[in-house]
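Per chain, numbering begins at 1; letters A, B, ... match sequence-line order.
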Number of protein chains: 2
Amino acid sequence: MARKPAEQSVNRLDILLAAANVFRRKGYHGAKMSDIAAEVDLTAGSLYHHFPDGKQQILIEVLNEGLDQITAEVQAVVDDNTLMPDEKLRKIIYTNILGLTHNTSVAAALVFETRTILENPEARKAYLKRRDSFEQLYTQVIQEGIDAGIFRQVDVPIFTKTILGAHNWVGVWYREGGRLTGEQIADEMSNTFLAALSPIGVPAAKN
Amino acid sequence: MARKPAEQSVNRLDILLAAANVFRRKGYHGAKMSDIAAEVDLTAGSLYHHFPDGKQQILIEVLNEGLDQITAEVQAVVDDNTLMPDEKLRKIIYTNILGLTHNTSVAAALVFETRTILENPEARKAYLKRRDSFEQLYTQVIQEGIDAGIFRQVDVPIFTKTILGAHNWVGVWYREGGRLTGEQIADEMSNTFLAALSPIGVPAAKN
DNA sequence: AAAATAATCAAATCGTGATTTAATTATACA
DNA sequence: TGTATAATTAAATCACGATTTGATTATTTT
């Protein structure tokens, strides 16, 4: 009585994933609807059944899905009140980087294609809001640590962007099967930023 | 006897700058030849007089020029043998960030449009070579510092990519007239990475 | 198993934008 | 000055790719 495969028609999520892959390879403008369609064994026209609003809508949903997911994961860590700020920061860096290395296509889209979505006035506002919330998670934890005296005084917005820049870049250069695993990279990078925040290792004097 | 303006026809460099600006705003694929032309008061067709090989060639030259320039600046610091590794690192971070904030259009192109150039097999190889040389400048200085015992043991390639990711991102979010100047940002970020390399501020124990 | 609905396709549309071409104007040079 | 060369233009060309349209085929629902 085995259930039948039931893997007939594709769903929106399949298409979003496929699109992310193509975007990663060719960029949004370089990606043809037919490329995306081919990835899920459809023709270009068929995509309009699932996404009546077309190509840009697909991009918007890829980015929203991707950002929402990583935000939720990081948010969960931030909400864990059993953790000290330094443990929290280590864990959110870890979580974030593993999120990126586990889905490099979406990660790359978040870096490279955000600009495209921002050209669309409606999508722009909503997206920027999401992104700010995400950034807030970091600034919040860093500020907590400073207030608690376990991090040195840093310019929190800049430090946040420093971390996020480093993270984003991982999504660009990371390749599965490379020298290091996502875990190892996450480890190394969280060490780096925690060391950077250590109140004892004061930076060398300026000249 | 004032000399006449002599500002008649545009030159290749004007066009490259103009192109970088348009690329920053719309991305390579979103940039029309007519957009670039308009920026220097020409028509699309005229650009082919200066760049017979067309749009892609313009991108290639923007990236090469940009990367060569920043490389040269950083190289000069690396070659200065009067500096200790930590001073060197501080100075190359400084140099690099000021380079980015002084020409955000080219900086953004280096981040966002590199992928485009890499699709071109010939350009790809040459470009990757340049980029590796650039990255080498960082790894070299970091390794020197470790060998000299003034930096803690880090995974040099990862640390390098961490720095470069943070840098690249500056070119994306930095806006002239923002809260901080390029100098202040460079200062903050070099503090961050030097603190991260400090051999005394050992990172917190892993759980 | 009809009827209704969902997925899909193949073949138009339709606009856009890079590149080419054939002149025209400006500049340098001898 | 007049001729060669450099810049520039306006008007084709030409291809490509997003979207639309009108069937066709699957899948549900009752």
Please work out whether the ring planes of B:H29 and A:H29 are parallel, tilted or perpendicular, with thresholds of 30° and 60°. tilted
Enter the distance from B:L110:CG to B:F23:CZ here, rounded to the nearest 0.5 Å. 12.0 Å
For A:H50 and C:dT8, is the shortest distance between a side-chain N/O and OP1 or OP2 below 4.0 Å? yes
Whole-Å distance separating the CG atom of B:N11 from the P atom of D:dA7: 10 Å
Please classify the nucleic acid contact of A:D35 as base, sugar-phosphate, or nothing, using heavy-atom distances under 4.0 Å. nothing
Taking the six-membered ring for Trp, are B:H102 and B:Y174 ring centroids under 6.0 Å apart? no
Taking only N and O in the side chain of B:H49, is any of them less than 4.0 Å away from OP1 or OP2 of D:dT8? no
Compare the minimum distances between each of D:dT19, C:dC9, C:dA18 and the side chain of A:Y48, then state the nucleotide with the smallest one. D:dT19
Applying a 4.0 Å non-hydrogen cut-off, can you work out what A:A31 is touching in the nucleic acid: base, sugar-phosphate, or nothing? sugar-phosphate
Answer with base, sugar-phosphate or nothing: what part of the nucleic acid does A:D53 contact at a heavy-atom distance below 4.0 Å? nothing
A:K55 NZ to D:dA18 C1': how many Å, rounded? 8 Å
Base, sugar-phosphate, or nothing for B:G45, non-hydrogen atoms under 4.0 angstrom? base
Taking only the side-chain nitrogens and oxygens of A:S46, find out if one of them lies under 4.0 Å from OP1 or OP2 of C:dT8. no
Measuring from the side chain of B:A44 (C-beta onward, heavy atoms only), which nucleotide among D:dG17, C:dT19, C:dA18 has the closest atom? C:dT19
Could you give the distance from CG (A:L47) to CD (A:E39), rounded to the nearest 0.5 Å? 11.5 Å
